[in-house]
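Every chain is numbered from 1, with letters handed out A, B, ... down the list of sequences.
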Amino acid sequence: MLTLNFLRENKDFVIKRLRVKNFDATGILDTILSLDASRRELQTRSDSLQAEMNRVSKEIGALLKNGNRQEAETAKEKTYSLKEEIKSISVRLEAIEDELRNEIIKLPNLPHESVAEGRGADDNVKYREGGKIFELPDNALPHLDLIKKYDIIDFDLGVKLTGAGFPVYKGKGAKLERALINFFLDEGIKAGYTEVLPPIVVNEDSGFGTGQLPDKEGQMYHVTLDNFYLIPTAEVPVTNIYRDVILSGENLPIKNIAYTPCFRREAGSWGAHVRGLNRLHQFDKVEIVQIAHPDHSYESLEEMVNHVEGLVLKLGLPYRIMRLCGGDMSFTSALTYDFEVWSAAQKKWLEVSSVSNFESFQANRLKCRFKDKGDKQTRLVHTLNGSALALPRIVAALLENNQTDSGIIIPEVLVPYTGFDKIS
RNA sequence: GGAGAAAUGGCAGAGUGGUCGAAUGCGGCGGUCUUGAAAACCGUUGUCCUGCUAUCGCGGGACCGGGGGUUCGAAUCCCUCUUUCUCCGCCA
């Protein structure tokens, strides 16, 4: 959510920047600015009426103390109309504030000045790449077949227990999953992240704080009886740790890492291209989150990109890093890097991480602020997060890329975690 | 799940209808003293909205867990929700 102050002072700039995201903000901004003007007018009127009310009330108190009952009664008469007027203004004010908020949350975050224009994924810009794309022999199998061949993940059993998209990991498949989680966590901790293990269901306030609510409730599983939501990513609980807090500048950046299962309803998009591990309703992910000083958040972003790159490199997967164009970026993001790994049997790039700087967009919703030493004013922090990493597609790529006639070779860095070096 | 008690500033903790944004202590910040530090002493110390001001700032309003009510006036009384604690029950 952009701040009202900023919108008030930068209308044309906002319109111009949002064009990069193919978003026309003109109408919304006009509405916002006119609502804001009425809001301030009502606020001023209400404040002065309240001041008058307070003054008279004090007077009544003093009169009663001195035993002037008669005068006190006269003064009371005066308050009745004041009271009514204040009430009617506050009702209107509340309505306008609601309306204003509803308009403001329609505006996406401004893309960073370096973000390229573009309509969709085809316009993303390659930022870096590594590893070699290689050809597999003709008899190479896609991961779904490998999974069946070695009996390490059972989709049908998941259907029995829950439904499509809830796989059951078995034997070495389960161990591999757990190994990856621990490997990712340990690498993050080594890089200075503090681990948290948060709840995986959250309340409405948390959903709002990170921007899933009110718009995207369809993407989340909703526990209606308690009005909780299953998290689509650890970003939600972890970032919301810092909701409604004022941090001190010297403690920034705060770096957290968390493993959680993630749940996505992902209505639509079924079919052959999402078979196997490519898209699931429940999957495992290790997430890194930073709460950064606005003057240094892009250094944090760079650091996070480097961290994720290190993970992919250690796993030996061919990868490329894309800078998303305006049209492909999320509503909340100012700058996003997507990581894609090469899945050799499917012959396609799989997105395994998305690392973003949200600048103060989330922070404004979260009311997460900080104060630099000596400063009187609070400022909004910048929030960033990235997957490090999302597991299923990593597993898919590892299985496909590392298949041999005698089995699937486990990357060396994982062997201490799996306890085996081959799935056969 | 049943019964009771409570929720106040960064923390501890006073405050049961007016002069309370809120005593006091601790902590934090600034200063005096000191070669330096500690101690002691003095001062200062929240958030949000809004008006004026180029800025420092000054004025007004709101905020004592959330929401609602009573009253001229609410931290204080009433209702409701949430959370915490104690006892009982159940339990990984």
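Environment of CZ in A/Phe420: crowded, with over 12 heavy atoms of neighbouring residues, nucleotides or ligands closer than 6.0 Å.
Between the NZ atom in A/Lys16 and the CG atom in A/Leu110 there is a gap of 11.5 Å [rounded to 0.5 Å]. Atom CG of A/Leu82 sits about 5.5 Å away from atom CD of A/Glu52, to the nearest 0.5 Å. Here the CD-NE2 distance, from A/Glu302 to A/His296, works out to 15.5 Å after rounding to the nearest 0.5 Å.
Using a 4.0 Å cut-off between a side-chain N of Lys or Arg and a carboxylate O of Asp or Glu, A/Asp36 and A/Arg8 qualify as a salt bridge. Here A/Lys106 pairs with A/Glu103 in a salt bridge; the nearest charged N to carboxylate O distance falls below 4.0 Å.
B/A39 and B/G30 are spaced 15 Å apart, taking the P atom of each and rounding to whole Å. Between B/A22 and B/G59, the distance separating the two P atoms is 14 Å to the nearest Å. Between B/U71 and B/G13, the distance separating the two C1' atoms is 29 Å to the nearest Å. B/G10 and B/G28 are spaced 16 Å apart, taking the P atom of each and rounding to whole Å. Comparing the P positions of B/A75 and B/G4 gives a spacing of 28 Å, expressed to the nearest Å. Here, B/C11 and B/U47 have their P atoms 14 Å apart, quoted to the whole Å. Going from the P atom of B/G67 to that of B/G9 covers 15 Å, rounded to whole Å. Between the C1' atoms of B/C72 and B/G17, the separation comes to 12 Å (whole Å).
No side-chain N or O of A/Tyr193 forms a donor-acceptor pair with one of A/Glu187 less than 3.5 Å apart. For the residue pair A/Arg365 / A/Thr210, no side-chain donor-acceptor distance below 3.5 Å is found, with atom types taken as modelled.
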When you compare the protein's N or O atoms with those of nucleotides 61-70 of chain B, which come within less than 3.5 Å of each other, and at what distance?
unit_1, atom_1, unit_2, atom_2, d
B/G61, OP1, A/Asn54, ND2, 3.3
B/G61, O2', A/Asp47, OD1, 3.1

Could I get a table of every N or O pair under 3.5 Å where one atom is in the protein and the other is in nucleotides 90-92 of chain B?
none

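Place A/Ile60 and A/Leu64 on RNA chain B by their nearest nucleotides, and A/Leu64 ends up nearer the 5' end. Remark on RNA chain B: of its neighbouring residues A/Ser57 and A/Asn5, the 5'-side contact belongs to A/Ser57, judged by nearest-heavy-atom nucleotide.
Base pairing of B/G36 is not made with any nucleotide, judged by Watson-Crick or G-U wobble geometry with both donor-acceptor distances under 3.5 Å. Base pairing annotation: B/U84 forms a Watson-Crick or G-U wobble pair with B/A5, both donor-acceptor distances under 3.5 Å. The base-pairing partner of B/U19, taking Watson-Crick or G-U wobble contacts with both distances under 3.5 Å, does not exist among the strands shown. Across all strands shown, B/C41 forms a Watson-Crick or G-U wobble pair with B/G31, both key distances being under 3.5 Å. Pairing for B/A14 is absent, judged as Watson-Crick or G-U wobble with the two contacts each under 3.5 Å. Under the Watson-Crick and G-U wobble criteria, each requiring two contacts below 3.5 Å, nucleotide B/C63 is paired to B/G46. When both distances must be under 3.5 Å, the Watson-Crick or G-U wobble mate of B/A92 does not exist.
Backbone-only engagement by A/Thr79 is indicated by non-hydrogen atom pairs under 4.0 Å involving sugar-phosphate atoms exclusively. In this structure, A/Ile246 reaches the sugar-phosphate backbone alone: every heavy-atom distance under 4.0 Å involves primed, P, OP1 or OP2 atoms, never a base. Using a 4.0 Å heavy-atom distance criterion, A/Lys371 is classed as a sugar-phosphate-only contact.
The interatomic distance linking A/Leu247 (CG) with B/G46 (P) rounds to 18 Å, in whole Å. The interatomic distance linking A/Asp244 (CG) with B/U47 (C1') rounds to 11 Å, in whole Å. In this structure, the CG atom of A/Asn251 is 16 Å from the P atom of B/G10, given to the nearest Å. Atom CG of A/Leu49 is separated from atom C1' of B/U50 by 14 Å (rounded to the nearest Å). One interatomic measurement links the two molecules: CG of A/Asn227 to P of B/U82, which rounds to 12 Å at whole-angstrom precision. Rounded to an integer number of Å, the gap from A/Leu93 CG to B/C48 C1' is 14 Å. Rounded to a whole Å, the CD atom of A/Glu204 is 14 Å from the P atom of B/U82. Going from atom CG of A/Asn364 over to atom P of B/C48 covers 12 Å, rounded to whole Å.
Comparing B/U50, B/G57, B/C48 by their nearest atom to the side chain of A/Arg8 picks out B/U50. Of the candidate nucleotides B/U50, B/C72, B/U19, B/U50 has the atom nearest to the side chain of A/Arg39.
Residues satisfying the side-chain contact (heavy atoms from CB on, under 4.5 Å) test with A/Pro108, not counting sequence neighbours, are A/Leu18, A/Lys21, A/Phe23, A/Phe331.
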Given the rule in the salt bridge (charged side-chain N to carboxylate O under 4.0 Å, His left out) test, do A/Lys170 and A/Asp154 qualify, once you have shown the distances and angles that lead to the verdict? CA-CA 7 Å; A/Lys170 299 194 296 189; A/Asp154 196 326; 3.2 Å; yes
Any chance you could lay out the side chain to side chain donor-acceptor pair (under 3.5 Å) test for A/Arg379 and A/Ser360, step after step, and finish with the verdict? CA-CA 9 Å; A/Arg379 295 167 67 191; A/Ser360 59; over 6 Å; no
Please report the C-alpha distance between A/Tyr229 and A/Tyr221 in whole Å, then the side-chain angles of each, then the deciding distance to 0.1 Å, and finally whether the ring pair (Phe, Tyr, Trp, His ring centres under 6.0 Å) criterion is met. CA-CA 6 Å; A/Tyr229 292 87; A/Tyr221 288 96; over 10 Å; no
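Side-chain N/O atoms of A/Thr378 include one lying less than 4.0 angstrom from OP1 or OP2 on B/C48. Listed pair A/Arg369 / B/U47 fails the phosphate criterion, with no side-chain N or O lying under 4.0 Å from OP1 or OP2.
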